[in-house]
Protein chains: 2
Amino acid sequence: MKKVINAVEDVVTDALAGIAAAHPGLSVDIPNKVITRAGGPTAGKVGLISGGGSGHEPLHGGFVGLGMLDAACAGEIFTSPVPDQMLVATKAVSSGAGVLHIVKNYTGDVLNFQMAAELARDEGIEVESVVVNDDVAVEDSLWTAGRRGTGATVFVEKIAGAVAEQQAPLKAVLDVATDVNKRSRSFGIALTACTTPSSGKPGFDLPNDEVELGVGIHGEPGRRRAKHAASKELVNVAVSAINEDLSLAGQDVLVMLNGLGGTPLIELYVAYDDAARQIAALGGRITRCLVGNYITSLDMSGFTVTVCRLTDELTGLWDATVNTPALRWGI
Amino acid sequence: MKKVINAVEDVVTDALAGIAAAHPGLSVDIPNKVITRAGGPTAGKVGLISGGGSGHEPLHGGFVGLGMLDAACAGEIFTSPVPDQMLVATKAVSSGAGVLHIVKNYTGDVLNFQMAAELARDEGIEVESVVVNDDVAVEDSLWTAGRRGTGATVFVEKIAGAVAEQQAPLKAVLDVATDVNKRSRSFGIALTACTTPSSGKPGFDLPNDEVELGVGIHGEPGRRRAKHAASKELVNVAVSAINEDLSLAGQDVLVMLNGLGGTPLIELYVAYDDAARQIAALGGRITRCLVGNYITSLDMSGFTVTVCRLTDELTGLWDATVNTPALRWGI
């Protein structure tokens with residue numbers, strides 16, 4: 001498998017150097033693998049941090065900026081960052097109003113963020129955490145106790161980021177983050193496995209005529225293998241699984257049709273067309289959407305569907321100004 | 001090869017339906033495969049149109065909106081739209097101030113846009129055309145007399161779009177489009193071939209340890225095959241080829257490090273880091289940049305580098321408000 005890299009051990013730091021060169025609005029601490037907004041913390045504002053293994057770009061570094069995250073910690077590919085990185089990030093964004101950790105529910109991330117929160121509290125920083133667990137595919141998985149955290153992370157980062165930007169107290173930012181997670185569900189489908197730079201070969205075997213239904217963002221097994229089928233049938237598996245867990249009937253919904261990294265945008269729009277029709281047929285009203293690569297799995301081919309039940313207030317927060325490498329509007 | 005589609009013959013129209021569903025700011029004429037801004041033409045404004053084969057998304061439909069294109073015509077995958085589509089688009093965006101056709105230099109596109117321009121003139125619409133030919137890899141190619149038109153198309157659409165938004169006359173819009181093309185150069189490298197839905201298999205054979213230097217955006221052959229190498233070596237081939245054709249020393253430059261569809265964003269940032277260092281070493285000053293998938297080749301793995309020599313005026317036009325699905329700032 002050919003990759004555009006220099007050395008396997010330098011992929012993450014080389015990419016961080018590229019992010020630093022491309023985005024003058026960001027400040028990148030390459031030794032600690034921490035991306036923050038340039039200019040330091042905003043006085044009186046709750047600091048929002050996320051992070052996780054690399055290989056899911058633009059998540060999380062692409063969501064640092066006005067109206068969204070204050071910092072992102074990058075682990076090695078598909079590997080949690082360590083508590084020391086998270087502590088560096090927490091201290092970097094702390095302005096006295098407290099810090100919220102937004103954590104995808106993977107065991108390594110959860111444990112490391114817990115330890116970082118304790119270390120930060122020892123230094124007098126108030127820290128709260130929200131664990132995102134939106135993936136309805138499986139209850140427990142290879143790397144997870146409970147449901148995995150996937151696409152809803154983008155929604156939590158955006159909407160909690162908007163609340164934090166209004167100088168809301170930590171409790172209010174935590175509450176909206178918790179609420180968005182509860183209102184969100186995801187389901188993913190892989191057409192191919194992804195290849196990490198260190199292994200150099202696909203992470204699992206998937207025959208040419210099969211797909212993995214309910215795949216995780218590292219290629220973890222999902223619910224089952226199935227014969228590859230038309231977009232509308234694959235999308236139906238995802239939308240039905242979501243709707244069975246959280247009914248969409250009569251709801252205003254935010255939908256993300258997300259590519260896993262290797263699927264062309266033209267195919268994501270085909271799938272979005274199917275998703276929009278199916279959600280409408282279930283009685284849901286799509287009032288906001290995203291179509292593109294937002295939380296990826298290196299070069300994996302496939303897509304995830306994430307849905308969030310909106311309220312008028314959440315819609316306003318979604319629409320609030322955001323200025324990050326990967327999401328930008330209102331500015 | 002597995003794809004997220006319903007039927008091969010419906011890929012383009014299904015994707016157009018998805019674009020219509022996702023972007024309320026666009027109006028999509030699905031039978032004619034024409035995307036325009038919702039709300040019709042702006043009085044007194046030159047209309048900007050581009051188009052080409054599908055499979056390069058977000059180009060061109062993703063660049064329709066305030067500050068950029070007024071319309072995009074979508075052909076079938078890797079196939080030029082027909083003159084009738086271009087005529088429909090030309091009439092849809094004509095408000096009496098004239099229309100500019102932005103054409104990538106591929107023989108089919110050039111001939112069809114010429115015919116459409118004649119048909120439009122017969123109906124009393126003033127039409128000018130700019131043919132983009134920025135790819136330094138080869139002088140003539142499989143589908144081209146002269147150099148191919150690739151990444152500079154994004155720059156021409158953005159900067160000419162900004163001039164048109166100022167209600168400049170057709171001649172001024174044409175002149176800046178021509179100037180941006182002359183100031184821009186591109187070079188692409190493929191790590192894998194892409195697979196069209198209709199063929200179902202890679203468009204060319206590329207051994208596991210080789211890359212295609214100077215590849216075209218449909219997988220057309222480039223300058224030569226070479227052994228796969230580190231990012232910095234691949235990027236050096238691209239940047240050197242550009243610099244030999246148009247010196248970057250002492251210049252303010254806009255750089256696009258573009259993914260061809262199947263390359264993870266983390267790798268594009270690795271390549272951007274190398275490009276930024278090499279351009280600096282050549283004496284160029286990168287003052288603006290884009291990193292991501294902007295002009296793709298379905299699921300091809302690889303990247304293109306496009307560079308434009310900026311002036312203060314062009315920088316201001318680049319920075320001007322744009323509100324399209326794929327580029328958005330200032331709003």
Side-chain angles (χ1 to χ4, degrees), chain A residues 1-7 10-12 14-22 54-55 57-58 62 77 191-192 194 208-209 211 228 230-232 234 257 261-274 276-277 286 289-291 293 296 298-299 301-303 323 325 328-331, chain B residues 1-7 10-12 14-22 54-55 57-58 62 77 191-192 194 208-209 211 228 230-232 234 257 261-274 276-277 286 289-291 293 296 298-299 301-303 323 325 328-331:
Chain A
M1 187 66 183
K2 289 169 277 189
K3 295 197 169 286
V4 184
I5 64 174
N6 288 302
D10 296 336
V11 173
V12 175
D14 283 0
L16 287 169
I19 289 170
S54 293
E57 291 69 22
I77 303 277
L191 275 61
T192 67
C194 60
N208 268 334
D209 61 345
V211 298
H228 182 44
S231 168
K232 64 182 69 168
L234 300 181
L257 197 304
T263 295
L265 187 56
I266 191 170
E267 297 179 33
L268 299 182
Y269 276 115
V270 169
Y272 181 72
D273 180 46
D274 290 318
R277 289 172 196 277
I286 302 180
C289 72
L290 289 177
V291 182
N293 290 318
T296 61
L298 293 170
D299 57 347
S301 175
F303 63 90
N323 188 12
R328 181 156 42 187
W329 56 71
I331 197 159
Chain B
M1 187 65 183
K2 289 168 277 189
K3 295 197 169 285
V4 184
I5 65 173
N6 287 303
D10 296 335
V11 173
V12 174
D14 283 359
L16 287 170
I19 289 170
S54 293
E57 292 68 23
I77 303 277
L191 274 61
T192 67
C194 60
N208 268 334
D209 61 344
V211 297
H228 181 45
S231 167
K232 63 182 70 167
L234 300 180
L257 196 305
T263 294
L265 187 56
I266 192 170
E267 296 179 33
L268 299 181
Y269 277 114
V270 169
Y272 182 72
D273 180 46
D274 291 317
R277 289 172 197 276
I286 302 180
C289 72
L290 289 178
V291 181
N293 290 320
T296 61
L298 293 170
D299 57 347
S301 174
F303 64 90
N323 188 11
R328 180 156 43 187
W329 55 71
I331 197 157

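Because the structure is predicted, anything quoted here is derived from the model rather than measured. The chains referred to below are lettered A, B, ... by the order of the sequence lines, with proteins before strands, and numbering in each begins at 1. Any value given below was found using the heavy atoms of this structure, including those in side chains, with hydrogens, waters and symmetry copies removed.
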Which heavy atom of [X] sits nearest a heavy atom of [Y], and at what distance?
X      : Y      : answer
B/I266 : A/S54  : CD1-CB, 4.0 Å
A/K2   : B/V211 : CD-CG1, 4.4 Å
B/Y272 : A/G18  : CD2-O, 3.6 Å
A/C289 : B/A22  : SG-O, 3.4 Å
A/D299 : B/G262 : CB-O, 4.0 Å

Who among [options] has the most heavy-atom pairs with chain B under 4.5 Å?
options                        : value
A/V291, A/T192, A/V270         : A/V270
A/A17, A/G261, A/P325          : A/A17
A/I286, A/L234, A/N323, A/D274 : A/D274
A/I19, A/D209, A/V11           : A/I19

Does B/H228 use its side chain to pair, donor to acceptor, with the backbone of A/M1 at less than 3.5 Å?
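The answer is no, because no donor-acceptor pair under 3.5 Å joins these two groups.
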Backbone of A/K232 reached by a side-chain donor or acceptor of B/N6 within 3.5 Å
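Yes, the answer is positive, given that a donor and an acceptor are paired below the 3.5 Å cut-off.
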Side chains of [X] and [Y], heavy atoms from C-beta outward: is any pair under 4.5 Å?
X      : Y      : value
B/T296 : A/P264 : no
A/N293 : B/N293 : yes
B/S231 : A/V4   : yes

Separation of B/L191 CG from A/K3 NZ (nearest 0.5 Å)
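So the NZ of A/K3 and the CG of B/L191 are separated by 9.5 Å.
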So what's closer than 4.5 Å to chain B heavy atoms on A/A276: side chain, backbone, both or neither?
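Only the side chain of A/A276 comes within 4.5 Å of chain B.
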Check whether more than 12 heavy atoms from other residues, nucleotides or ligands sit under 6.0 Å from atom CG of B/N208, and answer yes or no.
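It does not: B/N208 CG has 12 such atoms or fewer within range.
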Between B/V12, B/L16, B/D14, B/T263, which has the largest tally of heavy atom pairs under 4.5 Å with chain A?
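Between B/V12, B/L16, B/D14, B/T263, the count favours B/D14.
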